[in-house]
Amino acid sequence: MEKKNIDWANLGFGYLPTDKRFVANFKDGAWDEGALTEDATINMSECAGVLQYCQSCFEGMKAYTTEDGRTVVFRPDLNAARMADSCRRLEMPVFPEDKFIEAVAQTVKANEAYVPPFGSGATLYIRPFMFGIGPVIGVKPSTDYQFRVFTTPVGPYFKGGVKSLTLKISDFDRAAPHGTGDIKAGLNYAMSLHPIVQAHNEGYDENMYLDAATRTKVEETGGANFLFVTKDGKIVTPKSPTILPSITRRSLMYVAKEYLGLEVEEREIFKDELPEFVECGLCGTAAVISPVGKVVDHGKEIVFANSATEMGPVTKKLYDTLTGIQMGKIEAPEGWIYEIK
Ligand code: PLP
Ligand code: COI
């Protein structure tokens with residue numbers, strides 16, 4: 001497969017349209033077969049459910065070129081299942097999970113020339129998404145939906161690459177108790193735009209959100225879960241019903257325990273405990289694991305000693321093992337790697 005002539009090493013996290021995308025439509029109570037198209041635009045009613053009442057959800061995953069030249073996707077079954085959860089919560093019809101994986105595979109295959117070469121530092125980001133396309137004016141679910149998958153080659157999510165991030169404890173909430181924080185709804189990201197613009201204007205890289213009910217517990221950022229390392233090398237991650245169940249975080253917890261023999265714990269983490277951790281990282285498909293150097297709580301700095309300026313040693317081991325599995329350098333647990341043929 002001849003690759004496109006792209007400066008892979010200098011890609012940021014942006015949208016670069018690729019040749020083909022997958023489109024399927026839900027009409028009269030059923031999904032059609034769906035097909036690949038070259039048309040990157042969408043024509044819809046001014047009254048479409050997505051435009052009026054934000055009825056939309058999405059997924060994020062990546063395709064990699066392995067050391068031996070195969071194209072693989074990481075755990076697409078978990079993205080399919082999570083999208084089904086998002087759809088159920090938003091009163092949208094589930095796109096069958098096996099069909100979701102097939103659509104992702106077809107789209108990646110059709111854009112294989114854009115899957116960055118092994119060792120380039122870039123990957124092909126895959127964005128499956130669904131939205132209400134039928135008109136609604138009373139507040140109710142749409143009758144018609146569209147499911148699409150597009151791909152775009154990306155580099156690191158955070159500019160500055162390896163440098164540790166500085167976060168701000170946000171005064172805004174990301175998700176309400178019993179709300180939609182645990183699904184990947186577009187609306188969760190719309191409400192995070194004002195807080196992130198404000199954080200950036202103040203010189204921060206990201207927000208740390210607290211739980212909305214008590215504002216004492218650590219939740220997540222706008223686009224990634226947290227991992228912390230304790231002084232004695234244990235990996236701790238927040239447990240909360242209002243954060244997105246990150247596939248990267250769940251995979252890292254498994255890798256920490258089963259590959260690295262580390263102790264792991266998923267539990268409530270209080271803001272007051274932050275000074276006790278020596279490393280902090282943000283984990284997600286886009287973020288992979290990005291090191292956090294400090295969190296600023298209304299002017300008070302909390303510094304993570306071992307990740308103050310760059311990725312800490314424990315986080316680095318986790319990073320190397322996970323990316324080694326994704327790039328085919330380290331044997332993966334059964335079912336984690338889906339090969340595109
Ligand atoms: N949390 C939020 C709010 C996200 O948007 C994402 C990105 O998908 C994550 C966490 C990380 O999830 P995953 O590892 O499944 O990409
Ligand atoms: C991802 O990691 O896939 C995300 O969706 C995070 C962000 C780009 C929204």
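Reckoned from all heavy atoms, side chains included, excluding hydrogens, waters and symmetry mates.
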Is a side-chain N or O of [X] found less than 3.5 angstrom from the main chain of [Y], in a donor-acceptor match?
X: Ser307; Y: Gly293; result: no
X: Thr152; Y: Leu16; result: yes
X: Thr180; Y: Ile183; result: no
X: Asp297; Y: Ile169; result: no
X: Asn225; Y: Leu244; result: yes
X: Arg21; Y: Asp19; result: yes
X: Gln55; Y: Leu90; result: yes
X: Tyr254; Y: Arg249; result: no
X: Asp32; Y: Gly34; result: yes
X: Thr65; Y: Pro116; result: yes

Under 4.5 Å between side-chain heavy atoms, hopping through other hydrophobics if needed: is there a path connecting [X] to [Y]?
X: Phe74; Y: Val104; result: no
X: Val108; Y: Phe150; result: no
X: Leu187; Y: Tyr53; result: no
X: Leu252; Y: Val264; result: yes
X: Met61; Y: Val154; result: no

Supply the atom-to-atom distance [X] [atom1] to [Y] [atom2], rounded to the nearest 0.5 angstrom.
X: Cys87; Y: Tyr145; atom1: SG; atom2: OH; answer: 9.0 Å
X: Met44; Y: Leu51; atom1: CE; atom2: CG; answer: 4.5 Å
X: Thr66; Y: Met327; atom1: OG1; atom2: CE; answer: 10.0 Å
X: Ile196; Y: Arg174; atom1: CD1; atom2: CZ; answer: 12.0 Å
X: Lys329; Y: Asp320; atom1: NZ; atom2: CG; answer: 7.5 Å
X: Phe228; Y: Glu273; atom1: CZ; atom2: CD; answer: 9.0 Å

Check whether any side-chain heavy atom of [X] lies under 4.5 Å from a side-chain heavy atom of [Y], and answer yes or no.
X: His194; Y: Val197; answer: no
X: Thr248; Y: Val288; answer: no
X: Val23; Y: Gln146; answer: yes
X: Glu219; Y: Pro238; answer: no
X: Ile133; Y: Val50; answer: no
X: Arg148; Y: Ile42; answer: yes
X: Cys57; Y: Met83; answer: yes
X: Phe95; Y: Val149; answer: no

request  = Using side chain to side chain contact (heavy atoms under 4.5 Å, CB included) as the criterion, point out the one residue from Leu227, Asn306, Val229 that pairs with Val314.
outcome  = Val229
Closest non-hydrogen atom pair, [X] against [Y]:
X: Ser251; Y: Arg75; answer: OG-NH1, 2.9 Å
X: Phe147; Y: Ala103; answer: CE2-CB, 4.0 Å
X: Lys231; Y: Glu276; answer: NZ-O, 3.7 Å
X: Phe26; Y: Gly29; answer: CZ-C, 3.4 Å
X: Ser164; Y: Met311; answer: OG-N, 4.2 Å
X: Gly222; Y: Tyr209; answer: N-CE1, 3.8 Å

Leu274 vs Met208, side-chain contact (heavy atoms from CB on, under 4.5 Å): CA-CA, chis, key distance, verdict = CA-CA 12 Å; Leu274 289 174; Met208 168 183 272; 3.9 Å; yes
Pairs under 3.5 angstrom only: tabulate donor-acceptor contacts from the side chains of residues 118-132 to other protein residues two or more places apart or in another chain.
from: Ser120; atom 1: OG; to: Pro117; atom 2: O; distance (Å): 2.8
from: Ser120; atom 1: OG; to: Ala122; atom 2: N; distance (Å): 3.3
from: Tyr125; atom 1: OH; to: Arg127; atom 2: NH2; distance (Å): 2.8
from: Arg127; atom 1: NE; to: Glu59; atom 2: O; distance (Å): 3.0

Under 3.5 Å, is there a donor-acceptor pair linking the side chains of [X] and [Y]?
X: Thr18; Y: Thr151; answer: yes
X: Asp144; Y: Ser142; answer: no
X: Tyr189; Y: Lys184; answer: yes

query = Are Phe13 and Tyr157 close enough that their ring centres sit under 6.0 Å apart?
reply = yes
query = Under the side chain to side chain contact (heavy atoms under 4.5 Å, CB included) test, which residues partner Val236, sequence neighbours left out?
reply =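 Once residues adjacent in sequence are excluded, the partners of Val236 under the side chain to side chain contact (heavy atoms under 4.5 Å, CB included) criterion are Thr230, Lys234, Arg267, Ile269, Phe277.
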message = For Asp85, is there an ion pair with Arg82 - N to carboxylate O distance below 4.0 angstrom?
response =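 Answer for the salt bridge query: no.
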inquiry  = Assess whether a salt bridge exists between Asp173 and Arg215, defined as any Lys/Arg side-chain N lying under 4.0 Å from an Asp/Glu carboxylate O.
reply    = yes
Between side-chain atoms of residues 331-340 and protein atoms elsewhere (two or more places apart, or another chain), which donor-acceptor pairs fall under 3.5 Å?
from: Glu339; atom 1: OE1; to: Arg70; atom 2: NH1; distance (Å): 3.3

request  = Tell me, with the steps shown, if Lys271 and Thr216 meet side-chain contact (heavy atoms from CB on, under 4.5 Å).
outcome  = CA-CA 6 Å; Lys271 184 187 82 169; Thr216 59; 5.8 Å; no
ask   = How far apart are the C-alpha atoms of Asn207 and Ser192, what are their side-chain angles, what is the distance that settles it, and do they pass the side-chain contact (heavy atoms from CB on, under 4.5 Å) test?
value = CA-CA 9 Å; Asn207 283 301; Ser192 76; over 6 Å; no
message = Using side-chain contact (heavy atoms from CB on, under 4.5 Å), reason through Leu318 and Ile235 one step at a time and then give a plain yes or no.
response = CA-CA 10 Å; Leu318 282 170; Ile235 313 293; 3.9 Å; yes
request  = Take Glu102 and Lys99 through the test salt bridge (charged side-chain N to carboxylate O under 4.0 Å, His left out) and record every step on the way to the result.
outcome  = CA-CA 5 Å; Glu102 273 170 38; Lys99 293 256 168 61; over 6 Å; no
